[in-house]
**Student:** 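Quick one: the structure is below, and I'll ask about it shortly.
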Amino acid sequence: MKLYDYILSPSCYKVRLMAALAGIKLDLRAVDFHPGLEHRGPDLLSLNPAGSIPILEDGDLVLTESSAMLAYIASLSAPEWLGRASAMETAREQQWLAFSSRLTATLGGARLHEMLLRPGDIAALQAGGVASLRELEAGLVEQRLAGQAFLVTDRPTIADIACFPYVALAPDGGVSLDPYPAIRLWSRAIRSLKGFIEMPGIHRLHELKPEPHLEQDEA
Ligand SMILES: N[C@@H](CCC(=O)N[C@@H](CS)C(=O)NCC(=O)O)C(=O)O
């Protein structure tokens, strides 16, 4: 399975992380995303007319959406990562997979602006990022009240992997994670998973701050 990859891309990292957690070895093909913009050149545009990475090739199959790649890898090798135990799980998983594209547009846009000097309205991108984080925090608090540490159920699914990278890297775009204790707990839980791999900026349990504290934990 070949992944067209850029080490600093959170979208590519989603796929590398899912593959590592599922025990699948990827053949990585480095793309000169910056400064070369290779993903917008004729060779890669012929694979993905949208001009984005990651791109995953497996035989004749070419996938250009990271959520589809996560579903493919899990279906092949780690079906326990699919939220398919009930209609509610299936729906929740789809809900958060769709939500993950808002994280890409807002937090990802702010990060590209701050790190690669991409043009854009940084205040609007950051405001969109904060709105998305508030929504995620509310969802995770609701889950914790129901005794579940992850987005869909009590075990991690591809929806958690789809949302995690842009959230963990929000500070790169100038958006702090300090106001969101449920997000920080969730992030720690993901970074503690067996098979977890790092990318630059996302480390295993690297937070120096004390364990976040949620009021409902005291109940
Ligand atoms: N919908 C795509 C979006 C992926 C995405 O936004 N990739 C970024 C890199 S992290 C990209 O290629 N952006 C194109 C560009 O900024 O020129 C997915 O989730 O796979």
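Quick caveat, the model's predicted, so the values are computed rather than measured. Quick note: numbers below take in every heavy atom, side chains included, and nothing from hydrogens, waters or symmetry partners. In each ligand, atom 1 is the first atom listed, and ligand 1 is the first ligand listed.
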**Student:** Which of the numbered atoms in ligand 1 are below 4.0 angstrom from a heavy atom of Gly51?
**Tutor:**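 So the atoms of ligand 1 that pass are 14 (C).
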**Student:** Could you list which atoms of ligand 1 come closer than 4.0 Å to a heavy atom of Thr104?
**Tutor:**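 So the atoms of ligand 1 that pass are 6 (O).
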**Student:** If the threshold is 4.0 Å, N to carboxylate O, is there a salt bridge linking Arg84 and Glu93?
**Tutor:**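 Yes, this pair counts.
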**Student:** Exactly one of Tyr4, Phe33, Tyr6 should register a ring-ring contact (aromatic ring centres under 6.0 Å, His included) with His39. Which one does?
**Tutor:**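 The option that passes is Phe33.
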**Student:** Quick check on contacts: which atoms of ligand 1 are under 4.0 angstrom from a heavy atom of Pro54?
**Tutor:**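 By the 4.0 Å cutoff, the relevant atoms are 20 (O).
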**Student:** How far is atom 12 (O) of ligand 1 from its nearest protein heavy atom, and which residue and atom is that?
**Tutor:**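 For atom 12 (O) of ligand 1, the nearest protein heavy atom is Ile53 N, 2.9 Å.
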**Student:** Provide the closest heavy-atom pair for Ile158 versus Ala74 in the form atom of the first, atom of the second, distance.
**Tutor:**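 Nearest heavy atoms, Ile158 then Ala74: CG2-CB, 3.8 Å.
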**Student:** Output yes when Asp172 and Arg111 qualify as a salt bridge under the 4.0 Å nitrogen-oxygen rule, no when they do not.
**Tutor:**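 The answer is yes: the pair qualifies as a salt bridge.
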**Student:** So is there a nitrogen or oxygen of Glu65 less than 3.5 Å from a nitrogen or oxygen in ligand 1?
**Tutor:**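 For ligand 1, there is an N or O atom that lies under 3.5 Å from one belonging to Glu65.
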**Student:** Should you measure from each heavy atom of Thr64, which atoms of ligand 1 turn up under 4.0 Å away?
**Tutor:**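 Numbered from 1, ligand 1 contributes 20 (O).
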**Student:** Are any of the side-chain nitrogens in Glu137 or Arg184 under 4.0 Å away from the carboxylate oxygens of its partner?
**Tutor:**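 Between Arg184 and Glu137 there is no salt bridge, as every charged N stays at least 4.0 Å from the carboxylate O atoms.
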**Student:** Looking only at distances, please establish whether an N/O atom of ligand 1 is found under 3.5 Å from an N/O atom of His39.
**Tutor:**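 Yes, there is a polar N/O contact under 3.5 Å.
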**Student:** Students should be able to answer this: which protein heavy-atom is nearest to atom 11 (C) of ligand 1, and at what distance?
**Tutor:**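 The closest heavy atom on the protein side is Phe33 CE1, 3.6 Å.
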**Student:** Within the structure, does Ser9 bring an N/O atom to less than 3.5 angstrom of an N/O atom in ligand 1?
**Tutor:**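 Ser9 vs ligand 1: no N/O contact under 3.5 Å.
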**Student:** Under a 4.0 Å threshold between the charged nitrogen and the carboxylate oxygen, would Arg16 count as salt-bridged to Glu198?
**Tutor:**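 A salt bridge is absent here (no side-chain N lies under 4.0 Å from a carboxylate O).
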**Student:** What are the atoms of ligand 1, with element, lying closer than 4.0 Å to any heavy atom of Arg40?
**Tutor:**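 It comes down to these atoms of ligand 1: 15 (C), 16 (O), 17 (O).
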**Student:** Using the side chain to side chain donor-acceptor pair (under 3.5 Å) definition, which of the options Trp186, Trp81, Trp96 pairs with Asp160?
**Tutor:**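 Filter result, single survivor: Trp186.
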**Student:** Please check if the side chain of Arg118 supplies one atom and the backbone of Leu112 the other of a donor-acceptor pair under 3.5 Å.
**Tutor:**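 Not a single qualifying donor-acceptor pair exists.
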**Student:** Just which atoms of ligand 1 are under 4.0 Å from any heavy atom in Arg118?
**Tutor:**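 Checking each atom against Arg118, I get 15 (C), 16 (O), 17 (O).
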**Student:** Students should be able to answer this: which protein heavy-atom is nearest to atom 20 (O) of ligand 1, and at what distance?
**Tutor:**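 The answer is Ser66 N, 2.8 Å.
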**Student:** Locate the shortest heavy-atom distance separating Gly195 from Ala20; write the atom from each residue and the value.
**Tutor:**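 Closest approach of Gly195 to Ala20, heavy atoms only: O-CB, 3.6 Å.
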**Student:** Which ligand 1 atoms are under 4.0 Å away from a heavy-atom of Tyr166?
**Tutor:**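 Listed by number with element, the hits are 10 (S).
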